[in-house]
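Heads up: the structure comes next, in structure tokens.
So you know, we letter chains A, B, ... as the sequences are listed, proteins then strands, and number each from 1.
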Number of protein chains: 2
Amino acid sequence: MILDILEGNTTHPSANDIHKTVVTKYPTTSFSTVYNTLEMLTNVGELDKICILGNVIKYEPNTDPHAHLLCKKCNRIIDIFEPYYAKPSIRKIKQFPHTIEKVQEFLYCTCASCLKGRQGKKLA
Amino acid sequence: MILDILEGNTTHPSANDIHKTVVTKYPTTSFSTVYNTLEMLTNVGELDKICILGNVIKYEPNTDPHAHLLCKKCNRIIDIFEPYYAKPSIRKIKQFPHTIEKVQEFLYCTCASCLKGRQGKKLA
DNA sequence: TTGTAAATAAGAATCATTGCCAATTATGTT
DNA sequence: AACATAATTGGCAATGATTCTTATTTACAA
Ligand SMILES: [Mn+2]
Ligand SMILES: [Mn+2]
Ligand SMILES: [Zn+2]
Ligand SMILES: [Zn+2]
């Protein structure tokens with residue numbers, strides 16, 4: 001069920017978010033099981049973790065390379081698949097001539113909605 | 001003194017690291033003061049915060065744009081100033097045609113030392 | 001059916017960070 | 001100097017996400 005929740009989900013939910021959804025169908029599910037399952041799915045490569053500046057860890061079902069746009073005003077996280085940012089994992093660095101396994105790119109800005117003054121409630 | 005500790009420091013120390021150094025000279029310094037000072041210095045643009053996958057927040061005195069190479073084996077964080085990664089803040093994205101204020105790029109790999117099997121103790 | 005291994009739930013423990021407030025220190029004014 | 005007032009600080013409690021522990025339940029196989 002946790003995989004189903006995350007499949008196609010672009011909201012980057014936290015363990016708490018996922019737990020809230022799981023308990024609607026399996027009310028006794030514990031945080032341990034949610035964390036254990038998310039850890040296992042991460043280890044087998046189904047999920048990525050992303051962590052923005054000391055906040056909670058978010059779980060990312062989309063393991064295709066993409067960047068994240070972070071709105072300081074509303075805390076929303078928006079996927080960015082612009083070609084400019086795509087496929088960074090094949091890059092090499094001269095000083096460290098070995099392959100980079102994973103790249104995370106976070107772009108801080110004020111999102112389009114917030115710029116127009118029509119953002120919703122600030123997310124946790 | 002906190003600014004002095006961080007000036008030219010490329011180890012990306014945590015609040016705890018900084019506190020440990022401060023108390024050698026000012027033994028009564030509290031965590032509150034360390035955190036408050038770091039927050040203030042961040043707000044005035046002297047420092048950046050970086051947070052790697054749910055670990056503690058590290059403080060970055062070098063606000064020039066650069067990426068961070070993260071070794072999964074030894075947890076070391078290495079600055080990358082390769083031209084490829086430099087000056088990302090001037091980029092714009094078509095979908096969100098406003099300026100991006102800050103970019104953080106984290107590159108996960110096994111560092112050169114660890115590849116050669118001569119890495120030191122794994123850092124916290 | 002019975003024994004064993006794996007998965008789970010419940011809650012305690014951890015620990016970085018924040019919040020609170022009284023005590024201390026700095027600053028400015030008679 | 002003496003006082004009033006504002007800002008900073010230190011100590012410690014509170015918070016909250018994550019991890020750990022352990023007993024219980026479930027799955028599986030002999
Ligand atoms: Mn994403
Ligand atoms: Mn750096
Ligand atoms: Zn926004
Ligand atoms: Zn290493």
Query raised in the report: Looking at B:I57, B:N43, B:I18, which one forms a side chain to side chain contact (heavy atoms under 4.5 Å, CB included) with B:L38?
Result: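 The option that passes is B:I18.
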Whole angstroms only, please: what is the [atom1]-[atom2] distance between [X] and [N]?
X     : N      : atom1 : atom2 : answer
A:I52 : D:dA17 : CD1   : C1'   : 16 Å
A:D17 : D:dA17 : CG    : P     : 10 Å
A:H19 : D:dT19 : NE2   : P     : 15 Å
B:I57 : D:dG16 : CD1   : C1'   : 14 Å

Within the structure provided, determine whether [X] and [Y] are in side-chain contact (heavy-atom separation under 4.5 Å).
X     : Y     : answer
A:T10 : A:N62 : no
A:V56 : A:K58 : yes
B:C51 : A:I52 : no

Query - Test item: B:D17 side-chain N/O and B:S14 main-chain N/O as donor-acceptor pair under 3.5 Å - result: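 Checked: pair present.
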Protein N or O to nucleotides 8-15 of chain D N or O, pairs below 3.5 Å:
{"from": "D:dG10", "atom 1": "OP1", "to": "B:T28", "atom 2": "OG1", "distance (Å)": "3.2"}
{"from": "D:dG10", "atom 1": "OP2", "to": "B:S30", "atom 2": "N", "distance (Å)": "3.2"}
{"from": "D:dG10", "atom 1": "OP2", "to": "B:T33", "atom 2": "OG1", "distance (Å)": "2.8"}
{"from": "D:dG10", "atom 1": "O5'", "to": "B:T28", "atom 2": "O", "distance (Å)": "3.3"}
{"from": "D:dG10", "atom 1": "N7", "to": "B:S30", "atom 2": "OG", "distance (Å)": "3.3"}
{"from": "D:dG11", "atom 1": "OP2", "to": "B:T28", "atom 2": "O", "distance (Å)": "3.2"}
{"from": "D:dG11", "atom 1": "O6", "to": "B:S32", "atom 2": "OG", "distance (Å)": "2.6"}
{"from": "D:dC12", "atom 1": "N4", "to": "B:S32", "atom 2": "OG", "distance (Å)": "3.3"}

Query - Residues B:E46, B:T42; criterion side chain to side chain contact (heavy atoms under 4.5 Å, CB included); working and verdict - result: CA-CA 6 Å; B:E46 287 289 321; B:T42 302; over 6 Å; no
Query raised in the report: Can you give the first and last nucleotides of DNA chain C, 5' to 3', that have an atom under 4.0 Å from a heavy atom of chain B?
Result: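 It runs C:dA16 to C:dG19.
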Query raised in the report: Between the side chains of A:H68 and A:E60, does any donor sit under 3.5 Å from an acceptor?
Result: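 Side-chain D/A pair, A:H68 to A:E60: present.
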**Report entry** Shortest non-hydrogen contact from B:T110 toward B:C114
**Finding:**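 Taking every non-hydrogen atom into account, CG2-CB, 3.6 Å.
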